[in-house]
Protein chains: 2
Amino acid sequence: MSKRTRTRETLFTAALELFDERGYEATTVAEIARRAGVTEMTFFRHFPSKDAVLVDDPYDPLIADAIVAADPALPALAAVTAGVRDAWASVPPPAAAAVRERLRIVAGSPALRGALARNSRATEQAIAEALRCRGVASRPAVVVAAAAVAALNGALLDWAAVEGDESLGDAILGALAALDGAS
Amino acid sequence: MSKRTRTRETLFTAALELFDERGYEATTVAEIARRAGVTEMTFFRHFPSKDAVLVDDPYDPLIADAIVAADPALPALAAVTAGVRDAWASVPPPAAAAVRERLRIVAGSPALRGALARNSRATEQAIAEALRCRGVASRPAVVVAAAAVAALNGALLDWAAVEGDESLGDAILGALAALDGAS
DNA sequence: CGCAAGAATGTTAGTGACTAACATTACGCC
DNA sequence: GGCGTAATGTTAGTCACTAACATTCTTGCG
């Protein structure tokens, strides 16, 4: 394991510990770095920002591919939900407990919710592009893409916030069903 | 007109001018304050943050009321779109040109897009609450609310970014149609 | 095994958004 | 015109984040 990944992980766990102990906004980057045994500068060489510790998603390509591959007869929203369903099925389910801990912190901070939205922009654009490839007009494409991503994020945050033993996968599938089944 | 509102408006126009001249991120709060003839501190006494100059929306109550009033037979998403449609119809259309200028700036900055999402949280919660009043379960309520708000914001930003003479109202109604007609 | 290149980290200095506490001015009403 | 209070100024500070340059550490290669 390279030194780079090692310090990155040290910083990551130090950050999670501190967020858990005293909350996100109350912990400073300097503290995280100190607990990790490095300088503040080093933190920013591993994470572009403080919130990047908690929000980072590289779903995009999978989802977009699944959408263009979806049944051409399906209307836009249904195509997206089908695509996300497929993409989710083709990916190893992450360690739910860890994801949940992180999402819970995100759910509790307006700033982090904003960061999550900002961070999902790439996914949103990938979905819109995939829809356009299917012949959907530009405006409906961006609207449906924005709605789908927001629905997913909303479901994830709700899943994390609510106590219970529902699986992550069920939460996602349920959210998608709520979206295109509820009109 | 009280002094408070006067300086607030001076700050507001000074900010818009500067954002237009050199872009959002490139203008500092100190510059805005200087052009308005006040101190940096005074700026923050009128706007809670730099992005608050551009994003602030008090739609919530109207929309929520319209949703609970919507036909109980309608499914969740359709109820929301119907509610927004009604709320929009009952409100005087704002000066489109000014709104457009502001939204164009927001569309161009990831940070501002995040701020917009953060700022729409109250509306989102109001919608979710209204849906729950209609008997919709909790998870679908937050999911549909998140999707609807994101769709609206997405449509607004797209409308602002695209050149053309489409009216704001048409853009909103079109977005709603795209949402619940496309599944 | 030792030694250079290159990666990773440290140091210093600075910017910009935002906050707190206290002093000062200006407005608006009687 | 004076007087209370709201509006502004002043100062000092915190925190996220960036840039430029110096230093150490790792690693592959002879």
Side-chain angles (χ1 to χ4, degrees), chain A residues 1-19 21-56 102 105-106 108-119, chain B residues 1-19 21-56 102 105-106 108-119:
Chain A
M1 186 199 249
S2 79
K3 181 173 190 180
R4 179 160 187 89
T5 22
R6 225 180 320 148
T7 33
R8 198 193 138 94
E9 280 180 15
T10 312
L11 279 164
F12 183 73
T13 62
L16 284 194
E17 281 172 26
L18 285 166
F19 292 163
E21 287 172 20
R22 55 188 90 162
Y24 175 77
E25 353 254 13
T27 98
T28 77
V29 171
E31 287 168 340
I32 299 172
R34 187 150 45 78
R35 177 166 300 197
V38 295
T39 306
E40 195 179 344
M41 263 274 39
T42 298
F43 175 91
F44 286 107
R45 281 199 263 254
H46 288 270
F47 299 95
S49 61
K50 187 183 168 189
D51 40 40
V53 174
L54 294 166
V55 299
D56 61 337
R102 286 166 60 178
I105 300 173
V106 176
S109 158
L112 283 172
R113 286 183 102 103
L116 179 59
R118 202 176 58 205
N119 198 272
Chain B
M1 184 201 252
S2 80
K3 181 174 191 180
R4 179 160 186 88
T5 26
R6 225 180 319 147
T7 33
R8 199 193 136 94
E9 280 182 14
T10 311
L11 278 165
F12 183 72
T13 62
L16 285 194
E17 280 172 25
L18 285 166
F19 293 163
E21 286 172 21
R22 54 188 91 162
Y24 175 77
E25 354 254 13
T27 97
T28 79
V29 172
E31 287 169 340
I32 299 172
R34 190 151 43 80
R35 177 165 301 195
V38 294
T39 306
E40 195 178 345
M41 263 277 36
T42 298
F43 175 91
F44 285 107
R45 279 199 263 254
H46 287 270
F47 298 94
S49 62
K50 187 184 166 190
D51 40 43
V53 174
L54 293 166
V55 298
D56 62 335
R102 286 166 62 177
I105 301 173
V106 176
S109 159
L112 283 173
R113 276 178 175 267
L116 179 59
R118 203 175 57 206
N119 198 272

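Reminder, nothing fancy here: chain letters follow the sequence lines and each chain counts from 1.
Of all nucleotides listed (D:dA7, C:dT9, D:dG9), D:dG9 comes nearest to the side chain of B:T42.
Rounding to whole angstrom units, CZ of residue A:R22 and P of D:dC15 are separated by 11 Å. Whole-Å rounding puts the B:R4 CZ to D:dT5 C1' distance at 14 Å. B:L112 has its CG atom 12 Å from the P atom of C:dA17, to the nearest Å. Regarding B:K3, its NZ atom lies at a distance of 17 Å from the P atom of C:dT24, rounded to whole Å. Atom CD in B:E31 sits about 13 Å away from atom C1' in C:dA17, given to the nearest Å. One can place CE of B:M1 at 14 Å from P of D:dA7, the figure rounded to the nearest angstrom. Rounded to whole angstrom, the span from the CZ atom of B:R6 across to the P atom of C:dA26 amounts to 13 Å.
When atom types are taken as modelled, the side chain of B:T7 and the backbone of B:R4 share a donor-acceptor pair closer than 3.5 angstrom. Checked by atom type and distance alone, the side chain of B:K50 pairs as donor or acceptor with a backbone atom of B:Y24 at under 3.5 Å.
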Discussion item. Does A:T5 form a side-chain hydrogen bond (donor to acceptor under 3.5 Å, both in side chains) with A:S2? I'd like the steps, not just the answer.
Written reply: CA-CA 6 Å; A:T5 22; A:S2 79; 2.8 Å; yes
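B:E9 is linked by a side-chain hydrogen bond (donor to acceptor under 3.5 Å, both in side chains) to nothing, counting only residues two or more places apart in sequence or in another chain.
When the side-chain nitrogen and oxygen atoms of B:S2 are compared with OP1 and OP2 of D:dA6, none of them lie within a distance under 4.0 Å. An OP1 or OP2 oxygen of C:dA8 is reached within less than 4.0 angstrom by no side-chain nitrogen or oxygen of A:H46.
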Give me, pair by pair, the N or O atoms of the protein and of nucleotides 16-21 of chain D that are less than 3.5 Å apart, along with how far apart they are.
{"from": "D:dA16", "atom 1": "OP1", "to": "A:K50", "atom 2": "NZ", "distance (Å)": "3.2"}
{"from": "D:dA16", "atom 1": "OP2", "to": "A:V29", "atom 2": "N", "distance (Å)": "3.1"}
{"from": "D:dC17", "atom 1": "OP2", "to": "A:K50", "atom 2": "N", "distance (Å)": "2.6"}

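The shortest side-chain heavy-atom distance between B:F12 and B:R8 does not fall under the 4.5 Å cut-off.
A:T27 pairs in a side chain to side chain contact (heavy atoms under 4.5 Å, CB included) with only one of the listed residues (A:E17, A:R35, A:R22, A:E21), which is A:R22.
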